[in-house]
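What follows is a single structure, written as structure tokens, with notes after it.
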Amino acid sequence: MANEVRVRFPPSPTGYLHIGGARTAILNWLYARQHNGKLILRIEDTDTGRSTEESIQGIIDGLNWLGIDWDEGPYFQTDFTAEHQAAAQKLLAAGKAYKCFCTKEALDSKREAAMVAKQEVRYDGTCRHLTPEEIATFEATGTPSVVRFKVPERQGGVGYDDQVLGRIEQQYSEISDFVIVRSNSKPLYLLCNVVDDIRDRISHIIRGQDHKDNTNRQILLYEALGAPVPIFAHMPLTLDTKRAKISKRSHGEIVSVQWYRDHGFLPWAMVNFLCLLGWSAGDDREIFSKEELLTAFSLDRINKSNAIFNYKKDDPKFITDPKLLTINAHYLRTMDLEELARLVKKELAAAGIWQAAYEGEQREWFLKTLDMTRERFYTLKDFVTQGRAWFADDFEMCPQALKKNLLKHAELQEWLPELAGRMAAMANFTAEETEKVARDFAEEKQTKPGIPINGCRAVLTGQIKGPSMFEVFEHLGKETVVRRLRETGKWFAK
RNA sequence: GUCCCCAUCGUCUAGUCUGGUCCAGGACACCAGCCUUUCACGCUGGCGACAGGGGUUCGAAUCCCCUUGGGGACGCCA
């Protein structure tokens, strides 16, 4: 099993799953599933005081909702602190790391000064060449120290063959001795990460390009620890329209997977969309089933350049990236109706307008309602907003419908109740028959059919758009149609 | 300041490795038309890009160099 594919997703607990993190998780998951490998979930909870039950649960909830399952874990980095420390001791003992007694303040000011002077910013190696006597003196006085990795003083450089970027190399001289253990003896990310990946026998590290510069330092660690170096693949980052990293701080809830769950998005639509950010199959396909994605996916088709999450805060028409909306709508409109019904049930229940009959004697009616209306919908929320009139009488009327299709034609205030009377007398309340009645009515009033018909749309559905009105008449049913048409006056009264 | 990476329509991208079939293809968005009681769907059409400059070559989006632009990193954060 030496060639077993083992990948990992190592989020730090933040209370929510970031869409960038979700994308990383998805690609790792795809790679694991595609190669019959294992996905390991590891919570990187070192340092952060924010590592709480809730913040960890937020990550797990997000993954569960997306349908990303893992094979091992969650492991917690802090459970392996002793192992991390042992690795540091091993390096220290082997002369591959050294104690550094420089104070944080001194280093900070040096770094600050270098930044300001636009000089090279790196550790100057002050403690690298301390004599045993000097070290003994520091220790005798109880001077706190950190452990730094001793970057080899060789010619040439370290490098690796990135599966996305190609060959990446860096000169040893460009890498300064980095800290691997804090002065409070807590090991740092760079070390922990490597020790954990070695223990978990990770074969492929698929992560964001923001980790690219860590890689060479980590390879040095692998070598010093005598462990095989995994294969790396650095995926492009997701930026905002100003090419800045997307973050909850500057973009709000829109960057968290939970937001999409709470706003009527379908998990697979989300997965599909996120995959397309920085990857393509090489043909024109954009909609992928899980099976198709598992077949089509490959690391070498991941893009090198960063992708932009096309979200414009000030555009009310698009609550998020329009492509995501399109993909969500696609699945909403084509997915299995029964499955859709289960999802819509939750929305109706949350809105307080669910009725048990929708699963009983009105089941067929309910399913047909969804099928009729989903053609125009983008998210599950639309069923309880634009589609509310199908399930409840207390719907709002959209302003354009009110203005353009009702108030503009004052005569509708009399006409619609009159039409209600005709419809009440109908024996066969079908689309064909209602159309006939409606058209005859318009002709009689010497007006365009669209005027009474769209007036009906407003009064019956509250919308300016929707399915064919004749189908609406039939499906909504005579009783409701007549009742609402008779109440036309209330809209004028408002 | 130093190092690393990247660069095709507004956005996601195909094409780049293996130059010619690309005066650059698809999708989203946008615009127009058709359809229609409305909107949507659908269909048809339109708008719209190889960052700039050098080179190599018979020929460059594709190879090389420079410039510019963007991103990342340089932490006792992860």
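Chain identifiers are assigned alphabetically (A, B, ...) following the order of the sequence lines, protein sequences preceding nucleic acid strands; residue numbering begins at 1 within each chain.
Between F383(A) and F377(A), the ring planes lie perpendicular to each other; the angle is over 60°, past the 30° to 60° tilted range. Between F297(A) and W279(A), the ring-plane angle classifies as tilted under the 30° and 60° cut-offs.
Nucleotide C77(B) holds its P atom 15 Å from the CZ atom of F178(A), rounded to whole Å. If you take CG of N303(A) and P of C5(B), they are 17 Å apart, rounded to a whole angstrom. The distance from atom CD1 of I43(A) to atom P of A78(B) is 15 Å, rounded to the nearest whole Å. Here C12(B) presents its C1' atom at 10 Å from CD1 of I308(A), a figure rounded to the nearest Å. For the pair F288(A) CZ and U13(B) P, the computed distance is 13 Å after rounding to whole Å.
The phosphate of G15(B) has OP1 or OP2 within less than 4.0 Å of a side-chain N or O from R301(A). For R217(A) and C3(B), the shortest distance from a side-chain N or O to OP1 or OP2 is not below 4.0 Å. Side-chain N/O atoms of S280(A) include one lying less than 4.0 angstrom from OP1 or OP2 on A14(B). One finds a side-chain N or O of K304(A) lying less than 4.0 angstrom from the OP1 or OP2 phosphate oxygen of C6(B). Checking the phosphate oxygens (OP1, OP2) of G10(B), no side-chain nitrogen or oxygen of T241(A) falls inside 4.0 Å. Look at S468(A) and you won't find any side-chain N or O under 4.0 angstrom from OP1 or OP2 of U38(B). Close to C74(B), at under 4.0 Å from its OP1 or OP2, lies no side-chain N or O of R111(A).
One C1' atom belongs to U21(B), the other to G46(B), and the distance between them is 26 Å to the nearest Å. When the P atom is used for both G48(B) and C31(B), the distance is 16 Å, rounded to whole Å. Comparing the P positions of A61(B) and G19(B) gives an interatomic distance of 14 Å, to the nearest angstrom. The separation of G55(B) from A14(B), taken at their C1' atoms, amounts to 28 Å, rounded to a whole angstrom. Comparing C50(B) with G25(B), their P atoms are spaced 13 Å from each other, to the whole Å. Annotation: A24(B) and C9(B) have their C1' atoms spaced 10 Å apart (nearest Å). For the P atoms, the distance from G33(B) to A40(B) is 13 Å, rounded to whole Å. The same atom, P, is picked in G70(B) and in G75(B); the two are 23 Å apart, to the nearest Å.
Nucleotide G75(B) is matched to nothing when pairs are restricted to Watson-Crick or G-U wobble geometry with both distances under 3.5 angstrom. Across all strands shown, A61(B) forms no Watson-Crick or G-U wobble pair with both distances under 3.5 Å. Under the Watson-Crick or G-U wobble criterion, with both distances below 3.5 Å, U68(B) is paired with A7(B). For U37(B), there is no paired base (Watson-Crick or G-U wobble, both distances below 3.5 Å). Across all strands shown, G19(B) has no partner, as no Watson-Crick or G-U wobble contact with both distances under 3.5 Å is found.
Both cation-pi conditions hold for K248(A) and Y16(A): the charged atom is under 6.0 angstrom from the six-membered ring centre and inside a 45 degree cone around its axis.
Put simply, the side chain of F441(A) reaches to within 4.5 Å of the side chain of E418(A), judged on heavy atoms. Looking at heavy atoms from C-beta onward, V384(A) lies out of side-chain contact with W390(A) at the 4.5 angstrom threshold.
Shown here for A442(A) and P449(A), the closest heavy-atom pair between the two residues is CB-CA, 3.6 Å.
The listed nucleotides are A73(B), C12(B), C6(B); the one nearest the side chain of S305(A) is C6(B). Between C39(B), A27(B), C76(B), one nucleotide has an atom nearer to the side chain of K323(A) than all others, and that is A27(B). With distances taken from any side-chain atom of F318(A) to the nucleotides C76(B), U37(B), C30(B), the minimum falls on C30(B). Set against G25(B), C30(B), U38(B), the side chain of K317(A) has C30(B) as its closest nucleotide. You'll find that the side chain of I168(A) is closest to C4(B), out of C4(B), C12(B), U37(B). The side chain of R333(A) lies closest to C41(B), out of G25(B), C41(B), U38(B). With C5(B), C12(B), U11(B) as the choices, the nucleotide that has an atom nearest any side-chain atom of E286(A) turns out to be C12(B). Which of G71(B), G1(B), U11(B) sits closest to the side chain of V121(A) comes down to G1(B). Closest to the side chain of R182(A), from the set A14(B), C76(B), U11(B), is C76(B). Checking U2(B), G71(B), C12(B) against the side-chain heavy atoms of L276(A) singles out C12(B) as nearest.
Counted by atom type alone, T215(A) and H234(A) present one or more donor-acceptor pairs between their side chains at under 3.5 Å. Under the 3.5 Å distance criterion, with hydrogens and angles disregarded, no donor-acceptor pair is assigned to the side chains of D300(A) and Q163(A). No hydrogens or angles considered: a donor-acceptor pair under 3.5 Å links the side chains of D196(A) and H84(A). Side-chain contact check for N28(A) and R23(A): no donor-acceptor pair (N or O, by modelled atom type) lies under 3.5 Å. If you check the side chains of S173(A) and R154(A), you find no donor sitting under 3.5 Å from an acceptor.
Contacts of G282(A) with the nucleic acid, taken as non-hydrogen atoms under 4.0 Å apart, involve only primed sugar atoms and P, OP1 or OP2.
For G72(B), its base never sits under 3.5 Å from the side chain of D210(A) at any donor and acceptor pair. One N or O donor and one acceptor, one from the side chain of S183(A) and one from the base of C76(B), sit under 3.5 Å apart. R376(A) contributes a side-chain N or O that forms a donor-acceptor pair with the base of C39(B) under 3.5 Å.
Where K465(A) and L165(A) meet RNA chain B, the nucleotide closest to each residue was compared, and L165(A) sits on the side nearer the 5' end. Comparing N214(A) and R457(A) by the nucleotide of RNA chain B whose heavy atom lies nearest to each, the residue mapping closer to the 5' end is R457(A).
Stacking here means ring centres nearer than 5.5 Å and ring planes tilted less than 30 degrees, and by that measure H234(A) does not stack onto G72(B).
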Tabulated below should be each protein N or O lying under 3.5 Å from an N or O of nucleotides 42-50 of chain B; please produce it.
none

